[in-house]
J.: 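Structure provided below as structure tokens; questions to follow.
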There are 2 protein chains.
Amino acid sequence: MDANTFAKYEARAKIIKAMAHPTRLFLVDELARSGPRCVCELTEMVGADISTVSRHLAILKGVGIVEDQRRGAQVYYRLRVQCVLDFFNCVESVLKCNLVDQRRLLVSEP
Amino acid sequence: MDANTFAKYEARAKIIKAMAHPTRLFLVDELARSGPRCVCELTEMVGADISTVSRHLAILKGVGIVEDQRRGAQVYYRLRVQCVLDFFNCVESVLKCNLVDQRRLLVSEP
DNA sequence: CGAATGTTTGCAAGTTTAGCCAAATGGGCA
DNA sequence: TGCCCATTTGGCTAAACTTGCAAACATTCG
């Protein structure tokens, strides 16, 4: 794989990596189904230090998954692309597939 | 976020994290568009140590994205779910969106 | 069996990431 | 201006990830 090709995959991996964390996944999911939220609201939902949540949001913003907008003293974040829900659907497929295979191992012979 | 909810997102994040690496993304992409490949073929395409590629494949297998099958001396890997291409499509959307915004910053005023 | 080929695993070093506390910044308001 | 609230950033430590080399395993072939 030449440097150019690697760079292409690296750019894509960065975006995926931004979602590869439980808290960030939760944040994306929450923004996807409930619309824009300010950092304080999200922090309360997550239940972690506000600085931690802020950093997670900064990571998502850095790769272009979310965008922020200041409203007075608060900063609101919202999804920038809709298709992230496809991620969830596919992940569900994998989990479901895993479950089916695990059950097969329990019930029948290898 | 209670422990149960966190565990749910954690399980999903693990699957996403498996794809959050340039080499593994390449491997998934290759398997998606060219079908099953053995470790040696993939190793040559990637251009890294075979032990490294083997480990990456093991990670993908560990979360259920790929499965392996021995054929004589070689081990062939193949995708276990089709929808991973949705990942790529969405990532492209994000990249495209980023590009549009960058151009807007260049051309017009903030 | 012994050699050759293909793959996985143990190990060690270097790099990255997550989380918290404290300090700094930005905006609204008396 | 000075204070308060919301958010971000710096600094630090512990944990996780990545990688190549070498050794161990697996399988085929002579």
Side-chain angles (χ1 to χ4, degrees), chain A residues 1 3 6-7 9-28 30-31 36-78 110, chain B residues 1 3 5-7 9-28 30-31 36-63 65-78 110:
Chain A
M1 183 162 41
F6 184 82
Y9 283 98
E10 195 175 30
R12 283 147 184 79
K14 269 184 193 164
I15 294 174
I16 296 178
K17 186 182 293 187
M19 306 205 28
H21 187 286
T23 301
R24 294 198 290 270
L25 207 52
F26 170 85
L27 292 170
V28 168
E30 180 59 31
L31 295 177
R37 287 277 176 274
C38 71
V39 181
C40 54
E41 290 174 312
L42 294 169
T43 296
E44 186 175 347
M45 294 187 222
V46 169
D49 194 282
I50 188 174
S51 70
T52 299
V53 174
S54 175
R55 238 182 265 266
H56 281 310
L57 288 167
I59 290 172
L60 290 171
K61 177 185 166 190
V63 301
I65 293 178
V66 305
E67 59 190 357
D68 61 346
Q69 183 190 16
R70 190 143 211 142
R71 297 190 200 169
Q74 287 139 344
V75 177
Y76 278 75
Y77 281 87
R78 70 170 162 210
Chain B
M1 181 162 43
T5 306
F6 184 82
Y9 283 99
E10 195 175 31
R12 282 147 185 78
K14 270 185 192 165
I15 294 174
I16 296 177
K17 185 184 292 188
M19 304 206 29
H21 186 287
T23 300
R24 293 199 290 270
L25 207 52
F26 170 84
L27 291 170
V28 169
E30 180 59 30
L31 294 178
R37 286 277 177 274
C38 70
V39 181
C40 55
E41 290 173 314
L42 294 168
T43 296
E44 186 175 346
M45 295 186 221
V46 169
D49 195 281
I50 188 175
S51 70
T52 299
V53 174
S54 174
R55 241 181 267 265
H56 282 310
L57 288 167
I59 290 172
L60 291 171
K61 177 185 166 189
V63 300
I65 293 178
V66 305
E67 59 189 356
D68 61 346
Q69 181 189 17
R70 189 142 213 145
R71 297 189 201 169
Q74 289 137 345
V75 176
Y76 278 75
Y77 282 87
R78 71 170 162 211

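First the proteins, then the strands, lettered A, B, ... as listed; each starts at 1.
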J.: Rounded to whole angstroms, how far apart are NZ on A:K14 and C1' on C:dT16?
T.: 13 Å
J.: Might you work through the side-chain contact (heavy atoms from CB on, under 4.5 Å) test for B:L57 and B:D68, ending with a clear yes or no?
T.: CA-CA 9 Å; B:L57 288 167; B:D68 61 346; over 6 Å; no
J.: Taking atom types as they are modelled, is there a donor-acceptor pair under 3.5 Å from the base of D:dG10 to the side chain of A:R55?
T.: yes
J.: Mind checking B:Y76 for me? I need base, sugar-phosphate or nothing, with any heavy atom below 4.0 Å counting as a touch.
T.: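 Answer is nothing: B:Y76 stays at 4.0 Å or more from every strand.
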J.: Nearest-Å distance, CG (B:L27) to P (C:dT7)?
T.: 13 Å
J.: For B:Q69 and C:dT8, what is the distance between atoms CD and P respectively, to the nearest whole Å?
T.: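 Going from CD in B:Q69 over to P in C:dT8 covers 13 Å.
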J.: Which is true for B:K61 with a 4.0 Å heavy-atom rule: it touches a base, it touches only sugar-phosphate, or it touches nothing?
T.: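 Touches nothing.
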J.: Once you apply a heavy-atom cut-off of 4.0 Å, does A:R71 come out as touching a base, just sugar-phosphate, or nothing?
T.: nothing
J.: So, OP1 or OP2 of D:dA6: does either fall under 4.0 Å of a side-chain N or O from A:Y77?
T.: no
J.: Given C:dT7, C:dG19, D:dT19, which nucleotide is nearest the side-chain atoms of A:T52?
T.: C:dG19
J.: If the cut-off is 4.0 Å, is A:K17 near the phosphate of C:dT16, judged by side-chain N/O to OP1 or OP2?
T.: no
J.: Less than 4.5 Å apart, any side-chain heavy atom of B:H56 and any of B:L60?
T.: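 Side-chain contact under 4.5 Å: no.
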J.: Could you say whether B:A58 or A:I59 is positioned toward the 5' end of DNA chain C, judged by the nucleotide with the nearest heavy atom to each?
T.: B:A58
J.: Starting from C1' on C:dT7, measure out to CG on B:D68 and report it in whole angstrom.
T.: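 That distance rounds to 11 Å.
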J.: For the side chain of A:S54, counting heavy atoms from C-beta on, which of D:dT7, C:dA18, C:dT8 is nearest?
T.: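 Closest of the options to the side chain of A:S54: D:dT7.
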J.: Which nucleotide in the set D:dT18, C:dT8, C:dA18 lies at the smallest distance from any side-chain heavy atom of B:S51?
T.: C:dT8
J.: Applying side chain to side chain contact (heavy atoms under 4.5 Å, CB included) between B:L31 and each of B:Y76, B:Y77, B:F26, report the one that passes.
T.: B:Y77
J.: D:dT18, D:dC21, D:dT19: which one has an atom nearest the side-chain heavy atoms of B:H56?
T.: D:dT19
J.: Taking only the side-chain heavy atoms of B:C40 (C-beta and beyond), determine which of D:dT18, C:dT7, C:dA18 contains the nearest atom.
T.: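 Shortest atom-to-atom distance from the side chain points to C:dT7.
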J.: Would you say a side-chain N or O of B:H21 is under 4.0 Å from OP1 or OP2 of D:dT19?
T.: yes
J.: Tell me if a side-chain donor or acceptor on A:T43 pairs with a main-chain N or O of A:V39 at a distance below 3.5 Å.
T.: yes
J.: Where the side chain of A:C38 is defined as all heavy atoms beyond and including C-beta, which of D:dT7, C:dT7, C:dA18 is the nearest nucleotide?
T.: D:dT7
J.: Given C:dT9, C:dC20, C:dT7, identify the nucleotide with an atom nearest to the side chain of B:Q74.
T.: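 Selected nucleotide (nearest to the side chain): C:dT7.
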J.: CZ of A:R70 versus C1' of C:dG28: gap in Å, rounded?
T.: 10 Å
J.: With nearest nucleotide decided by heavy atoms, which residue, A:A73 or B:D49, maps closer to the 5′ end of DNA chain C?
T.: B:D49
J.: How many Å lie between CZ on A:R37 and P on D:dA6, as a whole number?
T.: 16 Å
J.: To the nearest Å, give me how far apart CE (B:M19) and P (D:dT18) are.
T.: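 Roughly 14 Å, once rounded to whole Å.
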J.: What is the distance from CZ of A:R24 to C1' of C:dG19, rounded to the nearest Å?
T.: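 Nearest whole value for this atom pair: 12 Å.
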J.: Could you go through the side-chain contact (heavy atoms from CB on, under 4.5 Å) check for B:M1 and A:M45 one step at a time?
T.: CA-CA 6 Å; B:M1 181 162 43; A:M45 294 187 222; over 6 Å; no
J.: Under the 3.5 angstrom rule, does the side chain of A:R24 hit a backbone N or O of A:A18 as a donor-acceptor pair?
T.: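 Checking the backbone N and O of A:A18 against the side chain of A:R24, a donor-acceptor pair under 3.5 Å is found.
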